[in-house]
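Read the numbers this way: they start at 1 and go in the same order the structure lists the ligands and their atoms. Not measured: the values here are computed from a predicted model. When a residue number appears, it is its place in the shown sequence, counting from 1.
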Amino acid sequence: TELMQNNLAPIPELYVSYDSAQKLKVEAADLVSHDLTARQICDLELLMNGGFNPLKGFLSEEDYDGVVENMRLANGALWPMPVTLDVSEKFAETVEVGQDIALRDQEGVILATMTVTDKWVPNKSREAEKVFGADDVAHPAVNYLHHQAGPVYLGGPVTGIQQPVHYDFRGRRDTPNELRAYFRKLGWRKIVAFQTRNPLHRAHQELTFRAAKEAQANLLIHPVVGMTKPGDVDHFTRVRCYEAVLDKYPSSTTTMSLLNLAMRMAGPREAVWHGIIRKNHGCTHMIVGRDHAGPGKNSAGQDFYGPYDAQDLFRTYEDEIGLKMVDFKHMVYVQERAQYEPADEIEDKDNVTILNISGTELRRRLQEGLEIPDWFSFPEVVNELRKTRPPRANQGFTVFFTGLSGSGKSTIANALMVKLMEMGGRPVTLLDGDVVRKHLSSELGFSKEHRDLNIKRIGYVASEITKNGGIAICAPIAPYTATRRAVREMVEQYGAFCEVHVATSLEECERRDRKGLYKLAREGKIKEFTGISDPYEEPANAELVVETENVDVDNCAQQVILKLESMGLIAG
Ligand code: PPS
C-alpha cells in the first residue's frame, strides 16, 4: 500500500538560514516582545521544526474556528487541536494587526518572530465543549484554558530563528527531519511509534513488541517530555526508566526519541493529533491503546471519553492522517502461562489467573513501600520510581502551626522538633515566627499585605524543604485563611501539609501575656495587634486542633506526632 512507501524526504521547517537568523535576531530586538509560556514554547518548537506540519504559525481566527468546529483548517486540511498564541489584554493592546512581534523564551532569548494577522477574543466555553468535550475544569486543558491562558489570541505565520534550548538529554531529542534522516540512514521504511507519558512496564514492552511484529515494522519509543498531565512522574525520572527498558529491545529494531510536545489530554482529538505529529516524524504506524491521552474523571466522577473513543476517531481519519493505527486492547498477565496477553483474546478466562496492577495500585504500593512484583515491571524501573516516589514515611512534609500571639505555637513547635530529631531520618528546620522575622522578613511590619508576604515567604521555604525530603515546622500567627491555603497548595505539590491550630483563647493568651505585648496593644502602644486590633480567622479545616489550657507542652507535641503517624508520615 502507499503507506509502505515512506520516502522520508525532509519536511518543511519554519527556520530561516543561519545567516538570516543572525540578522533577524538583531532586527527583532526593536520589536514588541511576547514572553512565551512554557506551553507556548513547546508549541513553537513543534511549529518551527515541522512537527506540526502543515501549520505555518499560530492559528488565525478562521483556522481556529474551523479547527474548533470540525477539526479542519480553513483550507480543508485535517487539524484537530487549537495551537493558539494566548496573551493578556494588556499585551494585546500594544499589538496591531499587520505588525511583527518577537517571541522570546523565559530567559528573554528571541526564538522567532510572528507577523500578527489576527487578533480576537475567543469563546473559551465553545472551545472547551467542542475540543475537549465539556466545559468542565476537571479537565486539565479546560482548566488551563480558563485559568492560565490569556483572554486574547494572536494568530499569524512564524519565522523561526532558533530552537528552544534544552539542557537535558540533548542526545535523545530529535527534530522530525533528524528522525527521518536517521530512519533513512538505517534503511527503516516502516516505523511504528509508541506515544507515552508514563514509565514503561512489562505490559508496555510486550505491547510495543507485539505491535512492531504485527506491522512488521521497526519501533520508535516516542515519549512526551514537554508537558503531560499534572501529577505525572517527572520526565527526568521517566527518561531514566525508558533508557533502562530500551536495553530490553533488540537495538537493531528499536530506537527512542523524546518529543517536546505539550499534551492537552484531549483523548480522541489528541490521538488524531498524535498521529499527524508521528507522520511528520517519519513514522508509518502508531499504537493507540485503551483510553489514549485520557484526562481522567470529570467533576461528576465519570470518564470524559469512552475507553476506545480515541481508536474510533483515529480509524475514521486514518487515510487522511496517512498513518496506520495499531490498536491495542488492555494487556494483562496470565499467571499459568507466565506471559502478557490482550485481555479480550483470552479464551480460557475462567480457568486461568489473570493478574493486573492498576496505576492507582502502583502508586499506593510505591507510597507505602510495598512489593512490586517482577512480572509487573523491571527492577531498574521500580528502582528509579522508588527513588522519586519514596514511601510517605521517607518523604518531606510541613507542619504548619497557626494561632494567636502567645498561644504556645513556638513552645510546641520546639518540642516537636526535638522529638522528630530524636527519631532521626530526615533533617528538620524550624521556621519560628520570630526567627523568620529576623532572617527572612526583617523589613516587614504587620499590615495585611506584609503579613501575607511574610507567610508566603515561609510557605516558599517550607515547600523547598518538603521537596528536598526534609521536615519544615512553621510557627507564625498566619491570621488569614486564604494565605494559609496558598501555603498549603505550595507545599502539597511536593509532600504532605499538616496544619495545626493552637487554639488557645484570646482571654488565656492575654492572661498569660508572656511578652507583655497584649498590655501594650490594649494601651494602643502597639497597633494592628492580632486579636486586639487586627483579625484572626480561625482555621475551619486544620488537620489538628490542640488545646493548651490544662495540657502540658509535651502532650501537645505528642498529639502532633500521633497525627503525623496517622497520616503515614512517621513509620512505626
Ligand atoms: S504573622 O501575622 O503571621 O505575619 O505574624 P508573625 O510573623 O508570626 O509574628 C508574630 C510575632 O510578632 C510579634 N508582634 C506582633 N504580633 C501580632 N501583631 C502585631 N501587631 C505584632 N507586633 C509584634 C509577636 O511577638 C508575635 O510573636 P508570637 O510568637 O506569635 O507571640
Does any N/O atom on L517 come nearer than 3.5 Å to any N/O atom on ligand 1? no

Please determine if R126 and D135 form a salt bridge, counting it only when a charged side-chain N lies under 4.0 Å from a carboxylate O. no

Location of contacts on F529 toward ligand 1, heavy atoms closer than 4.0 Å: both

Nearest non-hydrogen protein atom to atom 31 (O) of ligand 1, with distance, is S405 OG, 2.7 Å

Please state which protein non-hydrogen atom is closest to atom 10 (C) of ligand 1 and give its distance, to 0.1 Å? I477 CD1, 3.5 Å

Record the part of K409 in heavy-atom contact with ligand 1 below 4.0 Å; permitted values are side chain, backbone, both and neither. side chain

Note: ligand 1 atoms sitting under 4.0 Å from heavy atoms of G406 are 31 (O)

Contact partition for K515 relative to ligand 1, non-hydrogen atoms under 4.0 Å: side chain

Note: ligand 1 atoms sitting under 4.0 Å from heavy atoms of K527 are 20 (N)

Would you check the N or O atoms of A478, main chain and side chain alike, for any that come under 3.5 Å of an N or O of ligand 1? yes

Which residue supplies the protein heavy atom nearest to atom 11 (C) of ligand 1, what is that atom called, and how far is it? D434 OD1, 4.1 Å

Mind checking the CG-OH spacing from L506 to Y518? Nearest 0.5 Å is all I need. 5.5 Å

What residue and heavy atom of the protein are closest to atom 9 (O) of ligand 1, and at what distance? R437 NE, 3.3 Å

Check this for me, if you would: do K519 and D513 make a salt bridge, where the nitrogen-to-carboxylate-oxygen distance has to be below 4.0 angstrom? no

At what distance, to the nearest 0.5 angstrom, does CG of D432 lie from CG of N414? 6.5 Å

Which bit of I455 gets closer than 4.0 Å to ligand 1, counting heavy atoms only: side chain, backbone, both or neither? side chain

Please write down residue, atom name and distance for the protein heavy atom closest to atom 20 (N) of ligand 1. E528 O, 2.7 Å

Any side-chain to backbone donor/acceptor pair from E384 onto R240? Under 3.5 Å, distance only. no

If you scan protein heavy atoms around atom 14 (N) of ligand 1, the nearest is F446 CZ, 3.4 Å

For ligand 1, the portion of P479 having any non-hydrogen atom under 4.0 Å away: side chain

heavy-atom search around atom 2 (O) of ligand 1 in the protein gives R451 NH1, 2.8 Å

Relative to ligand 1, is T530 under 4.0 angstrom through side chain, backbone, both or neither, heavy atoms considered? both

